[in-house]
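Structure first, then comments.
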Amino acid sequence: MHLLIQAGGRVLSVGPTLRKLVTPGMRHVADGFSNGRPGGNEDLVAVILGAASDGERLFLRMRQTPCLNLRGHAVPAGRDAVLVNLGFGIGLPDAVRAAGLTDRDFAPPELAMELLFMREAMGGVLGELSHFNSQLEVARDVAEAQAHTDPLTGLHNRRGLELALSEARTLTGLRAGDRDGFALAHLDLDHFKAVNDLLGHAEGDRVLCHVARVLGDVIRSDDTAARVGGDEFVLILRRFEDVAGLERLARRIIAGIESVLSDGADGCRVSASVGIVLSRNYRDQPLERMLLDADAALYRSKREGRGRVTILTAPLTGETQGL
């Protein structure tokens, strides 16, 4: 990083590391450098000679990219020459990046080697921290998904349903028109207790997983299927409030569920009762009212023979809600 100049400013020699940064074939020191002191308008050669005579610290700024500020000292070198010894200071990383400098460009005792080591060490630490943060984010996403998922069926659990229902209600409120509404369907399996009692809980779990597959086959990507109890399920069907279409969908679900034990093995036959409400009828009412009415519609299906669907086209009144 040395610069050997004559008293008039002509460049006699440039150190190998500095040569990688300055203009090739630089003849005069002012061709590659300017006074680096703020507001310094003095002649550069005079500044260098002054620093060599009084021992003051020297500040030079490179004229070409990367336009680094260099600092150092100047000392007389014979009758008509001055030797300038320069360093990068805090501009070291920029110099390394701009000129592709390596440890071979610095003498082992130089502070620059320590700075390069620290820079590499910091880069390694930051890389490890970034990797660790990425792992934490993945673990957090997995934990959050698990917190909202039923472990047996892979459907949403009750907490996941609450979040999805709140989101569906919010989106419905932000958009205009009935097309942006949703249907809320509550399903309960018929005769499921007999499966556990007669065939065992392993068979009961198989039936529940079968129900989850049936629901997964009929819902769309922005719909939600959740298991909210032992044999209770809830669907949120976005932009779907056509009564005839909902009835066909419910009958398709019931048929799919009934197929799991269609031969009535050991006297068991599983079906499902369904109750459905439409969000357009609950614009100014709490979500709890929708859930209660869907539950009431479900039990109306059970009372009327099971294996059927009831769709409410209006909210239940206080008198009829418990019927």
Side-chain angles (χ1 to χ4, degrees), residues 150 153 155-158 161-162 165 181-199 201 203-205 207-215 218-219 223-237 240-282 285-323:
D150 173 55
T153 63
L155 302 180
H156 282 64
N157 58 16
R158 185 175 293 276
L161 173 68
E162 290 173 355
L165 190 55
F182 62 93
L184 181 68
H186 192 174
L187 292 79
D188 184 82
L189 300 186
D190 300 324
H191 316 296
F192 179 72
K193 185 176 182 299
V195 176
N196 283 331
D197 292 344
L198 298 178
L199 304 181
H201 288 281
E203 183 65 14
D205 289 347
V207 171
L208 293 174
C209 291
H210 171 80
V211 173
R213 287 192 294 272
V214 170
L215 299 181
V218 300
I219 63 174
D223 295 334
T224 299
R227 179 188 176 206
V228 295
D231 61 342
E232 291 184 63
F233 299 82
V234 173
L235 297 179
I236 301 173
L237 304 169
F240 194 177
E241 292 190 294
D242 173 62
V243 173
L246 287 169
E247 184 168 355
R248 288 193 297 270
L249 178 66
R251 293 189 182 282
R252 179 182 168 190
I253 291 172
I254 293 170
I257 292 173
E258 289 176 345
S259 68
V260 66
L261 294 173
S262 57
D263 58 354
D266 296 316
C268 294
R269 179 179 178 274
V270 175
S271 185
S273 298
V274 185
I276 301 177
V277 295
L278 311 177
S279 67
R280 65 174 177 240
N281 298 323
Y282 299 85
Q285 300 188 51
L287 289 173
E288 290 75 10
R289 178 64 188 276
M290 282 190 71
L291 291 168
L292 286 173
D293 280 8
D295 186 64
L298 161 66
Y299 281 95
R300 179 180 293 180
S301 295
K302 284 188 175 292
R303 286 193 301 272
E304 292 178 358
R306 304 178 187 268
R308 61 185 63 207
V309 55
T310 298
I311 302 176
L312 299 182
T313 56
L316 294 175
T317 64
E319 293 75 15
T320 60
Q321 197 169 25
L323 296 181

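Keep in mind the model is a prediction, meaning the values are calculated, not measured.
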**Report entry** Partner residues of S271 under the side chain to side chain donor-acceptor pair (under 3.5 Å) criterion, sequence neighbours left out
**Finding:** E258
Query - Shortest non-hydrogen contact from T224 toward I219 - result: C-CD1, 4.5 Å
**Report entry** Side-chain touch T153/L215, heavy atoms, less than 4.5 angstrom
**Finding:** no
Requested in this report: Step by step, work out the side-chain contact (heavy atoms from CB on, under 4.5 Å) result for L291 and L165.
Outcome: CA-CA 10 Å; L291 291 168; L165 190 55; 4.0 Å; yes
Report task. Just grab all the salt bridge (charged side-chain N to carboxylate O under 4.0 Å, His left out) pairs involving residues 224-234, residues at least two apart or on different chains. Result -> D150-R227
Requested in this report: Report yes if some heavy atom in the side chain of L208 is under 4.5 Å from a heavy atom in the side chain of F233; otherwise report no.
Outcome: yes
Report summary line: Here the pair of heavy atoms bringing A226 nearest to L155 is CA-CB, 4.1 Å
Query raised in the report: Just wondering, do L237 and I276 contact through their side chains at under 4.5 Å, heavy atoms?
Result: no
**Report entry** For the student: nearest non-hydrogen atoms of G256 and S259, plus distance
**Finding:** O-OG, 2.6 Å
Report summary line: CG of D295 to CD of E288, rounded to nearest 0.5 Å, is 13.5 Å
Query raised in the report: With sequence neighbours excluded, what pairs up with V214 under the side-chain contact (heavy atoms from CB on, under 4.5 Å) test?
Result: H210, I253, I257
Query - Residues which pass side-chain contact (heavy atoms from CB on, under 4.5 Å) with S273, listed by chain and number, not counting sequence neighbours - result: D190, L298, S301, K302, R306
Query raised in the report: Do E247 and R251 sit within salt-bridge range, that is, some charged N less than 4.0 Å from a carboxylate O?
Result: yes
Report task. Mind checking the CG-CD spacing from D197 to E203? Nearest 0.5 Å is all I need. Result -> 13.0 Å
Query - Under 3.5 Å donor-acceptor, N281 side chain and T313 backbone - result: yes
**Report entry** Working for side-chain contact (heavy atoms from CB on, under 4.5 Å), residues V218 and L249
**Finding:** CA-CA 8 Å; V218 300; L249 178 66; 3.7 Å; yes
Query raised in the report: With a 4.5 Å heavy-atom cut-off, do L184 and Y282 have their side chains touching?
Result: no
Report task. Output all residues satisfying side-chain contact (heavy atoms from CB on, under 4.5 Å) with N196, sequence neighbours left out; order by chain, then residue number. Result -> F192, H201
**Report entry** Note, V243 side chain near L278 side chain (heavy atom, < 4.5 Å)
**Finding:** yes
Query raised in the report: Closest heavy-atom contact between F182 and E241?
Result: O-OE2, 3.3 Å
Requested in this report: Identify, with sequence neighbours excluded, every residue that meets salt bridge (Lys or Arg N to Asp or Glu O under 4.0 Å) alongside R213.
Outcome: none
Report summary line: Looking only at heavy atoms, the pair that brings P315 and D293 closest together is CA-OD2, 3.5 Å
Query raised in the report: When rounded to the nearest 0.5 angstrom, what is the spacing between CG in L292 and CG in L287?
Result: 11.0 Å
